[in-house]
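Take a look at the structure set out below.
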Amino acid sequence: MENPWAVNYKAIDLSSRVKASSSIPAGFALSKNERYNRRKAANDTQQKDIDDIRKLKVKRAYEKAFNSVKGIFMNVIMMLMSGNTINQFTIIIIGMLLMNPIKALKQTNEVFKEFEEDEEEDTSYLLKPKLTYIALSIAQLLVGLYKCSSMGILPTTTSDFLTFEEPKVYLESVHGGSVY
């Protein structure tokens, strides 16, 4: 005699049942609404996972954007210590202050290439980190241009461009030192 409480797993029709990996007991049939709700819940969790991965990628992209500017404080200290005289060290520092941000601006897409999923996918979620990266690189470039301006290297007056124009004559000048 067959046990009425035993389940014959070979006799279960799998076409109208959910797979055994779910939490539905064996031999239980789902209605159409229940199947739809389960599929919808599975799609929602999959979309949530994709959104979580994108959020993590955006967070890492922001970290990458801010890493490019971490050396700016060292550059500012070197800039202040070198003074405003033109010599080998200041020229090297100015070259570094101007060339590094220019290289960074050229390599913007290459820096964020690892965060893009596919070429066909929408990568608009990387727009803000890229703009942050570009803005911080421009800020670093402006620090270098400020150093050039404070040293008097930048051609900012008309006498720098025209030979017949006289340089600006200052009415007063202040020099340090002591008078005896």
Side-chain angles (χ1 to χ4, degrees), residues 40 42-180:
K40 184 178 176 189
N43 288 341
D44 288 345
T45 57
Q46 185 180 15
Q47 186 62 34
K48 185 181 177 207
D49 291 342
I50 291 171
D51 290 342
D52 288 344
I53 289 171
R54 281 198 174 161
K55 285 180 185 176
L56 183 63
K57 284 183 180 183
V58 167
K59 183 179 177 184
R60 292 270 299 128
Y62 272 117
E63 288 175 10
K64 194 89 150 179
F66 285 111
N67 279 342
S68 68
V69 185
K70 284 188 177 180
I72 195 169
F73 300 111
M74 180 188 66
N75 290 337
V76 168
I77 290 172
M78 287 174 44
M79 183 180 74
L80 292 173
M81 297 302 252
S82 66
N84 288 338
T85 60
I86 298 176
N87 57 36
Q88 295 173 347
F89 299 112
T90 55
I91 297 300
I92 291 171
I93 291 170
I94 288 172
M96 183 176 57
L97 282 171
L98 295 176
M99 291 306 293
N100 288 343
I102 292 171
K103 287 180 187 176
L105 287 171
K106 286 182 182 179
Q107 297 173 348
T108 301
N109 286 331
E110 295 170 14
V111 169
F112 292 98
K113 193 73 162 176
E114 65 183 87
F115 302 113
E116 295 176 0
E117 296 157 353
D118 292 326
E119 286 78 27
E120 301 93 26
E121 294 259 347
D122 181 28
T123 58
S124 62
Y125 61 94
L126 289 176
L127 184 64
K128 287 183 182 178
K130 281 183 181 183
L131 290 176
T132 303
Y133 181 81
I134 290 170
L136 292 173
S137 296
I138 289 173
Q140 194 171 6
L141 184 66
L142 290 175
V143 168
L145 289 176
Y146 172 75
K147 178 65 175 176
C148 289
S149 175
S150 67
M151 289 178 63
I153 298 176
L154 287 181
T156 55
T157 62
T158 55
S159 63
D160 293 332
F161 297 105
L162 303 172
T163 57
F164 60 84
E165 188 76 29
E166 291 295 322
K168 186 176 183 180
V169 177
Y170 295 101
L171 298 176
E172 294 182 23
S173 64
V174 177
H175 301 284
S178 59
V179 177
Y180 294 103

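Given the structure is predicted, the values throughout are model-derived calculations rather than measurements. The first residue in the sequence is number 1, and the count goes up from there.
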Which residue pairs pass the salt bridge (Lys or Arg N to Asp or Glu O under 4.0 Å) test when at least one of the two sits in residues 123-143, sequence neighbours left out?
-> E116-K130
Non-neighbouring partners of S124 that pass side-chain hydrogen bond (donor to acceptor under 3.5 Å, both in side chains), sequence neighbours left out | D122
Can you pull the ring pair (Phe, Tyr, Trp, His ring centres under 6.0 Å) pairs that have at least one residue in residues 83-105, sequence neighbours excluded?
-> none
Got a sec, which pairs hit salt bridge (Lys or Arg N to Asp or Glu O under 4.0 Å) with one end in residues 145-158, sequence neighbours left out?
-> none
Ring pair (Phe, Tyr, Trp, His ring centres under 6.0 Å) contacts in which one or both residues fall within residues 94-114, not counting sequence neighbours = F112-Y133
What are the two closest non-hydrogen atoms of A65 and L136, and how far apart are they?
-> O-CD1, 3.9 Å
Taking side chain to side chain contact (heavy atoms under 4.5 Å, CB included) as the test, write out the residues that go with L162, two or more places apart.
-> F164, E165
Excluding sequence neighbours, so at least two apart, what forms salt bridge (charged side-chain N to carboxylate O under 4.0 Å, His left out) with E114?
-> K64
Whether N87 side chain and T90 backbone form a donor-acceptor pair below 3.5 Å = yes
Residues passing the side-chain hydrogen bond (donor to acceptor under 3.5 Å, both in side chains) test with T132, sequence neighbours excluded, are none
Could I get the full list of side chain to side chain contact (heavy atoms under 4.5 Å, CB included) partners for I86, not counting sequence neighbours?
-> I91, M151, I153
Would you give me the side-chain donor-acceptor pairs under 3.5 Å for residues 92-107, sequence neighbours excluded?
{"from": "N100", "atom 1": "ND2", "to": "M96", "atom 2": "O", "distance (Å)": "3.4"}

Rounding to 0.5 Å, atoms CG (N84) and OG (S149) come to a distance of 10.0 Å
Which residues satisfy the salt bridge (charged side-chain N to carboxylate O under 4.0 Å, His left out) test with R54, sequence neighbours excluded?
-> E117, E121
Rounded to the nearest 0.5 Å, what's the gap from CZ on F115 to CD1 on I53? Could you check?
-> 14.0 Å
Qualifying residues under salt bridge (charged side-chain N to carboxylate O under 4.0 Å, His left out), relative to E63, sequence neighbours excluded = R60
What heavy-atom pair brings L154 and L145 nearest, and what distance separates the two atoms?
-> CD1-O, 3.6 Å
Once you round to the nearest 0.5 Å, how far does CD1 of I77 lie from OG of S82?
-> 12.0 Å
Rounded to the nearest 0.5 Å, how far does CD of E166 lie from OG1 of T158?
-> 10.5 Å
Output for pair (Y62 OH, N67 CG), nearest 0.5 Å, gives 14.5 Å
